K.L.:
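Got a structure for you, questions after.
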Amino acid sequence: MREVLSMIFQQEDYSIEVKTFNIIQAIYLIGLLFINFIINICFEDPTYIYITVLMCCLLIVSCIDVNRTGNIRRCACITSIITNFIYLPICFYGYGKLICCVPVYFILGILYTVLTVGGRLGTILSSLEVLYLSAITIYIGIRLPGFYSMPVTTLDYIAILIALLIVIILSVIVIKTKINLYDTEFSRMQEARLKVIDAYNSKDIFFANTSHEIRTPLNAIVGTVNLLLAQKLEPHVKDNVYNILNSCNALLAITDELMELSNTENSDVSIVNSRYDFSEMLSEIVNMMSVRLMESSVNLYVEIDKNVPKYLYGDGGKVRQLLINILNNAVKYTKEGHITFRVFCTQIDTNQIDLRVEVEDTGIGINKEALPKIFSDYNRDEEDDEKRIIEGTGLGLSLCKELVTKMGGNISVKSEYHVGSTFMFNIPQTVNETDDIASINVSGNTSAIIFETDSNQGESLKKVLQRLSVKSILVSDRMEFETSVLSNAYNYIFISAERYLENQRFIDRKLENHRLIVLTDVSQSIHLNRSCYMLTRPAHIINVAMAYNNEMTKFGREIIQMGGFTCPNTTILVVDDNITNLEVASGLMKKYDANIVTAISGTDCISAIKQMHVDIVFLDYMMPGMNGIDTLYAIRGLDSENAKNVPIIALTANVVSGAREMFLDAGFSEYITKPIDVHKLENTLKTFLPREQLRIKI
Ligand code: ADP
């Protein structure tokens, strides 16, 4: 019976409210049956037995209805009104005596209303019932003075006692059952909570493992791609390889984001300050965004103020994260038009600036209703059909808010639905070095002609040059271009790849003395016959200044021809026991403008490395006394970072098959045969010297 009842009324999928209602209803039913049972025993008057049966049916039907529809309030209200306003007063009046103890059962009726209807409605209804039942009791007392006669027989006293007992016991059972049910539900919820926390932690472990798993092969790809880039490649192949590199870097950034997200979820956002190169960070991020916009028609414009410091002191990783999150959103939610990325700063005091960033887009914008909640956890503008199909976690902006707040700044957004959005944030950062983010270090006439395919890009480049205090003109057609070039007033030519190809003959014949900077998109491959500087759009003061200074950018695609570069500020150490060989090697390397140091023996080589920073060592393999291998081990055994990491190239006269493997196994970075081949030497320098130390010679 218990099982059947619990199957009907306490099924697993019933909510706690329905389960409680079922129990109260059952107890109430029992209460009403008792009333009639006692009254019938005491007074042997079955007059109202039919009404009670009707009441019991009502209670059962309402129970079934609640189990079916879940609408507890409706059934509870109906039952409460019928029993308290009609049934109990009828019983009370009908039995005609106080001693039938019906008023004691009023308590049960009112308790039923309070426990089942609940809320404000329950309070109002139960108050009305108290007033109504009191009024009836008083009214009957006034109108029928003999009604409240004192108990006369022992049976009357027993009836009152039983009535009181029943009401007390039933009330206690109802309250106790309700508490038990809530306790059970609470333990279940605790269990579920633990499971959720467990799942949450597993998610973090999963994120961490996945990021690690993804990072490992990605790092291998990046390493291999860098090796590829160090080789002589056809320009279009090199372009494609750069695209692979850029996409890998974008993927690496995403894995960082995943890690960061899971860390933030664990409230593990601690700010770790150190010096960081802001200009390198900006170049890398802009490059990453250009790769993401590769297939889109959206233009990216970058406006970086010249007074923004190159080096900052703060949590560079978090700043990078912020920039990537906000720019990624702009890329994600903009299908046409443009995105403008602005970076500027205001001075707070001598060594503190307020770094300000704005990302403006012409994307789908944000609903007015969603705007106030946009920085809360898991808040996606799901009302918007266009956005629902764009994947996202709804966590990025809350992470940004948390990061900015931790760093002592503010983040805000302005947005108009279907027009676009502007996200802005500012954070204080410390400045210990005065270097500007970009500056041009060349003397002479720096003025430039801009011949762009897209006039908006041209205008944007003109603004960039203005920031760098460079005079420039924007030309729109071939005639204007030729006249400006032939006026000899401009030394630098910024030209789009398309315009270059259209005017190639003229440019190659007439512009030998001009510096040519060809502007390309990140995915564009172009084959040029002459040395030039390839600048990947969007142009901004950092990459434009680098183009002026002939500096190689980390992600640059500069074309270097044989003999087309120098490496000033570089120390090359050549070690050979033969003075003539040393002179030949030094002579060959002179044209690279490097500081060439020679050593006549392994011992000499060691003392040179102890005294100065060396960027690359060419080490003779066969030397009397300390030979190449001994010297190599001695260098690596020295207690300095430079000695441990400097590339060491073996110089050898006899080459047998498998020589490369042998030298690499021995610990050399590469080997070159004697007499030294210029191509091989140049490739080795390009491969092993840091890119930023190479300068294109034009
Ligand atoms: P998501 O992973 O969903 O992009 P975010 O926290 O980064 O999560 O962003 C929260 C919500 O803010 C997004 O779902 C989107 O509705 C809205 N949003 C953020 N950036 C932009 C933007 N540049 N343009 C339009 N809507 C945006």
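Note that ligands are numbered from 1 as they come in the structure, with each ligand's atoms numbered from 1 the same way. Here the structure is a predicted model, which is why all the values come from computation and not from measurement.
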K.L.:
Looking at ligand 1, would G363 count as a contact under a 4.0 Å heavy-atom criterion?
P.N.:
no
K.L.:
Using a strict 4.0 Å cut-off to heavy atoms of I366, name the atoms of ligand 1 that fall inside it.
P.N.:
25 (C), 26 (N), 27 (C)
K.L.:
Evaluating non-hydrogen atoms only, which member of N329, N367, L371 is closest to atom 19 (C) of ligand 1?
P.N.:
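Of the listed residues, N329 has the closest heavy atom.
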K.L.:
Checking Y276 now: which residues fulfil ring pair (Phe, Tyr, Trp, His ring centres under 6.0 Å) with it, not counting sequence neighbours?
P.N.:
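Expected list: none.
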K.L.:
Regarding R515 and the six-membered ring of Y492, is the cationic atom NZ or CZ under 6.0 Å from the ring centre and inside 45° of its axis?
P.N.:
no
K.L.:
Looking at I374, which atoms of ligand 1 are within less than 4.0 Å of one of its heavy atoms?
P.N.:
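Answer for ligand 1: 11 (C), 12 (O), 17 (C).
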K.L.:
Assess F423 for proximity to ligand 1: is some non-hydrogen atom of it under 4.0 Å away?
P.N.:
yes
K.L.:
Could you name each residue pair satisfying side chain to side chain donor-acceptor pair (under 3.5 Å) that touches residues 464-476, not counting sequence neighbours?
P.N.:
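Those involving residues 464-476 are S476-E480.
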K.L.:
What is the ring orientation for Y548 with F494, classed by angle as parallel under 30°, tilted 30 to 60°, or perpendicular over 60°?
P.N.:
tilted
K.L.:
Is the Lys NZ or Arg CZ of R275 less than 6.0 Å from the centre of Y313's six-membered ring, within 45° of the axis?
P.N.:
no
K.L.:
Which ligand 1 atoms, with their elements, are less than 4.0 angstrom from a heavy-atom of K332?
P.N.:
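Near K332, meaning under 4.0 Å from one of its heavy atoms, ligand 1 has 1 (P), 2 (O), 4 (O).
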K.L.:
Should the heavy atoms of other residues, nucleotides or ligands under 6.0 Å from NZ of K463 be counted, would the total exceed 12?
P.N.:
no
K.L.:
Can you tell me which portion of D361 lies within the under-4.0 Å heavy-atom range of ligand 1? Options are side chain, backbone, both, or neither.
P.N.:
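Looking at D361 and ligand 1, just side chain atoms fall under 4.0 Å.
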K.L.:
Mark up the atoms of ligand 1 that fall under 4.0 Å of a heavy atom belonging to L397, in ascending order.
P.N.:
5 (P), 6 (O), 7 (O), 9 (O), 10 (C), 12 (O), 19 (C)
